[in-house]
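Written out below as structure tokens is the structure these notes cover.
Values below: every heavy atom of this structure, side chains too, minus hydrogens, waters and symmetry copies. All residue numbers refer to positions in the sequence shown, counting from 1.
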Amino acid sequence: MPEPTQKTGSTFTNQQKTVHVAGGSRTEITTQTVKTGVQVKWQQDGKTEKTVNQTEHTKRTVIVDNKVTHQEEFSVVSGDSKVGHKEEGKLKESNVIPPPPGEDLEDSDVTSSSEDEDESSSTSTPPPAWSHGEGQPDDAEKRDNSQLSTLFIEKPNSGTVGVGGDIKFIAKVEAKDLLRRPVVKWLKGKWMDLASKAGKHLQLKDTFDRINKIYTFEMQIIKAKENYAGNYRCEVTYKDKFDSCSFDLEVIAAPDASQALDIRSAFKRSGEGQEDAGELDFSGLLKRREVKPEEGPEIDVWEILKNASPNEYEKIAFQYGITDLRGMLKRLKRMRREEKKSAAFAKILDPAYQIDKGGRVRFVVELADPTVELKWYKNGQEIRPSTKYIFEHKGTQRILFINNCTLADDAAYQVCAGDEKCSTELFVREPPVLVTKELENISTYCGERVEMECEVSDAEANVKWFKNGVEITNEPRSRYRLKVDGKKHILIIDEADRGDSATYSVMTTGGQSAAQLQVDLRPLKILQPLTDMTVNLGKEIHLKCEISEYVPGRWYRNGQLIHGSDRVKLFHKGRNHRLVIDSCLVEDEGDYAFVPDLYLINIPANVHVIDPPKIHFDSLNYPDNTVVVVAGTKLRLEIPVTGEPAPKIIWSRGDKWITDLSGRIRAESYPDHGLLVIDNAEKDDSGTYRIMVKNEAGEAVAHIKIKVVDIPDAPLAPDVTEVGEDWCTMKWEPPLYDGGCPIMGYFIERKKKQSSRWMRLNFELCKETNFEPKKMIEGVAYEVRVFAVNSIGISKPSMPSKPFVPLAVTSAPTMLTLDGVTDNTVTMKWRPPDHIGAAGLDGYVIEYCFEGGGDEKQEKPEFTDQELDLLVDCVSKNGPHICGALSAKTTKAEKSKIWADIQAKVNAKGGNNRSIADLKKRWNTLKKQTKNKLLQTKKESNVENAVVPEAAKDLSSLEKRVEAMLKLEELEGTPDIEEDLQDDIPGAEQWIVANPELTDKTRLTITGLPTGSKIFVRVKAINAAGHSEPRIHPNPILVKEVIVPPKIRLPRHLKQTYIRKVGEAVNLVIPFQGKPRPKVSWKKNGSHVDKTQISIRNSECDTILFIRKAERSHSGKYDLKVKVENLQDKASIYIQIVDRPGPPESVVIEDVWGGNVALEWKPPTDNGNAAITGYTIQKADKKTMEWFTVLEHYHRTSATISELVIGNEYYFRVFSENMCGLSETATKTPNSALIEKEGKPYKRPEYTDFDFTEAPQFTHPLINTVAIAGYNATLNCSVRGNPKPKITWMKNKVVIMNDPRYRMFSNQSVCTLEIRKPSPYDGGTYTCKAVNDLGEAEVDCKLEVKVAQ
């Protein structure tokens, strides 16, 4: 970095040596240099100090805030010159007075610290709030609010450069704690951003050192000019951090060098779009107007621009280095360039004028024609003559005087002569306002009126007041009033207080002044102190004191601030202060104090409140003074008591005092209540307790009853009385002990036996002692239990019930049908039940009964003597099995068969269709008649002489045979007599179990049935829950075999020729019917089938013919015959086994002409047992012998092969084809066919490759679409191009990328864009763009998204 130019000799003329300052105040140290532009540095105790500096021409001032009481030495250094100053200060207040808001950065000289320091001077000095009428308060406020932090590690230093030389300024920022690149601005003065001025004479550069993590920012000025000198600033910003640094640039002119007025240099600024774009520094131009121009031809850019066309402005600006072309054109437009010499004006106005505020300016123009009417305008408004604006005519001169110029006169002026105009601009400069009379320090007491006065050099000056650096505004409600009296400015404070003690300063555009205001308190005296009081509870407390000053104060009780309320009243009148409390409470007792505001004095007093003891048991709202506590819980009975001082509390039960402090029952005492604690309450703790409170004012007694209640005992285990498919019925007994409260109801729970999780079944209490749980899983074992509930809670659970399983029988079997009947068997079949249930299905039981053993109630004729005689004879023959010794060994089914045989014989004899029930009923009637006669005979007989009674002689022969059966029963014993007697019950069914053991099949044959009998059949499903409802066959079944004629049911596909290829399997299933089981026989071509080659399997209902690998020898006619006794049925089946054919015979070349060959051949001798369907002809070049197919599926035996290549020699071969395919081999022509060349030799034409490349072209455009919000929308178009173009979709000319709401895909050159659930915001113009190497194309459409109504 370049250093400031060093010069010999002293540079200071006015030197201030020693300054005496009060501690804590602000001071200014001033020195003066020989000339302007000299760089100075202020040092404190030999070190460079970061201070606030001011520069005014050759006058240099430093502002110092004193915070210490010791001496400090300041020195100012410029080159080799150094001047020292001493400062002595005394600290009066602990408050530090901040510096004023700041100075104009363009006129101030803030010296940066050395490179090894961490803080910059710009961060220690806030930006200016205002200065010389040109400040920007808004920017200052924003800068003050930002968080100031140090970012620079190396700051740019001030430098000196000669005219035409180069200089570089460098700033470095450490990037260790930064996540991204900081923002750096280079500024000139206060506001000029140099980033927009970069170009020929200014270059900005930044680099980053990744190793040391340091950002380096450079500003280089190339070929510096004198007007480049001034104050510069570098600002760095990162998030909420900010740092800045100011530095100066001094440009030294070359000796004996004159600088001409160069209007181009004034416009070499590129702030396009900014407010200051192209603004000309006319003050600088005016200062240099009298400088002699440089030798050599002078280029007038103004004339070049005026005479050039607008489209050449850019070229001219580039040629002459004008970077701020836009600003220059604005000026050019205002000046109204002259296309030709003015006819109205002989001399026009100068381009610009400058005047100090309050001065007088003179505008002069000369007219070519004095008679022309002339008008003057200011900013477009016509100027009328007045005391301010004076018009003069001197010959052809027209003069305008403006007197007493103000800032409002700074404007553009125009003079019109006929149709011609000329214009100029007036710049009014405001001189700085100085403080002519400084502020004075003031010391006063609180409540006094304070006036701070100063004088300035201008009566209309804008003056601002500050308190500790904060601006004071003249608002209506402000306690500060600002008064202006000519050049005097006064700050008035009515009734000052201690908060007004501060440093007050006044600031103008040319100076400032500060003074200290000290506001102290007057000494305070206590005229009447507070007195101590003792007050009864509920009475009034009245405290009063008197002090010497009229100041408010605060009341405190026990150190706590007292606030006024309806009960507590605070009074202040003049010097008297009172505290009144109505109906005092115990809480009002304590130490009171009154503290006057602003004084460290308190006036104390003590208030003592007394009250006799009381027991407030009624406030607890216990009915009949009874406290109910649940057993096992803890009772904390708090009885509120009052009394002052705090009373003593004693508990007792009966005659025993409760004094134990650690037992299960204990008493505790507190100032405001008595506490009785019972841990884990028991039933025996019930009783009456007594509490007594006593203090010095008296005593009080109260009695309390305590009742201990508990939950009920657990009920007994419940009993499950009934079980269903998913339910059960349970009942239980109430608990023995209800816990002292009535039972409110019961809760029931259940669980699976294998589980440990109980589930509650009722959420509303069950009032009864029985319940029906439902929704259980069938087949799963459950347990249930019960809880009893009273007002205290829920009892323990009862013991679980015995495990039970909800089960249900299955539904009845379905579709019970007759499957077959023989002379002594019946075959039944059925289907499983529709609903089986969780208990499963163990099997089936089939029962039958003979016709007449059911409920039939039809009147039949009486038994004839022949029928009775046959009945008794049959029973007598089977007597041992029915009622004799063998009866016990005879099963019920065997007995039923015996009775069935008897039934058949009786019905054959009598023909009355007697049922077994009728026979048994009649047999029992005969036995009863015979028994009655025998009993009557025993009563009448006399046993003495063993004389046979006459009644016995009256028995008929039939009854005598019955009597023999009765004697057989008596002798051999009949255990089943009672069962047989049950058969006498009218309508009793005699169902016989056909299968003693359960069967799991759905088909059963009942055997041992008498031929010709009729039976009823039923079937039951059995599981663990029992048997289901029976399924009964609706009609009686006759036990007699029926002949069914045989019938072959030939499948439809076998009614035609059955064709299979060689090697495939042949499996023919042919059903038939017939009873008894038919006999099946097969024949092939009239001969029996060879079972070694063909397998045949027969069943009752079908026959199967099976060939594992078919051969051509298996082809033929197969005859099937089914025979039942003398009845038979026949069917014929034709089987054809086919194979691939053989090759054709003798393929011959018949003729060759041109490019054609005629072929002929003979059909193959072996057609593969199938018709030849065609031929396939192939050709092969003799050179390569590669075969190519020329004809397929050709039906004729001769063919002509065309389009053969001239000069080639060909062989041909032919394949034969049938339904199985081509023959395995082909027949080849023995000779080849040569295609000879004829006439002119053939010349092969040359072909160029076709260019398939093509630029993208849309064959189907996008169509404007209207979509409904929330429903997917698609846009489609088609494009062609080679190479395949790349497709890009755009919305409103913005490429759609990585957006999940869009899905793009392309298929067969059709491009589709799918918009998923669009909203109205998705509407717009969509474009599809296709690009390849040969070009691009695009098509667009509009999408409108409507909201569904």
Side-chain contact test, heavy atoms from C-beta onward, threshold under 4.5 Å: evaluate it for Ile170 versus Thr216 and give yes or no.
-> yes

Name all pairs fulfilling the salt bridge (charged side-chain N to carboxylate O under 4.0 Å, His left out) condition that reach into residues 210-219, sequence neighbours left out, sorted by first residue then second.
-> Lys168-Glu218

Heavy-atom check, side chain of Lys464 versus side chain of Gln512, under 4.5 Å | no

Closest heavy-atom contact between Cys234 and Val184?
-> SG-CG1, 3.9 Å

Under the side chain to side chain contact (heavy atoms under 4.5 Å, CB included) test, residues paired with Asp356 that sit two or more places apart = Arg429

Parallel, tilted or perpendicular: which fits the ring planes of Phe169 and Tyr232, with parallel below 30° and perpendicular above 60°?
-> parallel

Are the side chains of Phe247 and Lys155 in touch, meaning some heavy atoms are under 4.5 Å apart?
-> no

Option among Val506, Thr508, Asn462 that satisfies the side chain to side chain contact (heavy atoms under 4.5 Å, CB included) test with Val456 | Thr508

Should we say atom NZ of Lys185 is surrounded by more than 12 heavy atoms from elsewhere, each under 6.0 Å from it?
-> no

Any idea which heavy atoms bring Val428 and Leu407 closest together, and the distance?
-> O-CD2, 3.9 Å

With sequence neighbours excluded, what pairs up with Glu174 under the salt bridge (Lys or Arg N to Asp or Glu O under 4.0 Å) test?
-> Lys176

Is there a side-chain contact between Val173 and Ile153 (heavy atoms, below 4.5 Å)?
-> no

Evaluate side-chain contact (heavy atoms from CB on, under 4.5 Å) for Tyr504 paired with Cys454, printing each intermediate quantity in order.
-> CA-CA 11 Å; Tyr504 291 84; Cys454 71; over 6 Å; no

Derivation and outcome, side-chain contact (heavy atoms from CB on, under 4.5 Å), residues Tyr215 and Leu151 = CA-CA 11 Å; Tyr215 287 101; Leu151 295 174; over 6 Å; no

Tell me, do Glu154 and Ile214 make a side-chain contact under 4.5 Å, heavy atoms counted?
-> no

So how far is it from Met219 CE to Leu249 CG, rounded to the nearest 0.5 Å?
-> 7.5 Å

Here the pair of heavy atoms bringing Lys357 nearest to Asp458 is NZ-OD2, 4.5 Å

Side chains of Phe242 and Val236: closer than 4.5 Å at any heavy-atom pair?
-> no

Taking the side chain as C-beta and beyond, is there a heavy-atom pair between Ile221 and Val161 under 4.5 Å?
-> no

Do you know the tightest heavy-atom contact between Lys239 and Thr237?
-> O-CG2, 4.0 Å

Phe152 side chain reached by Cys245 side chain, heavy atoms, under 4.5 Å | yes

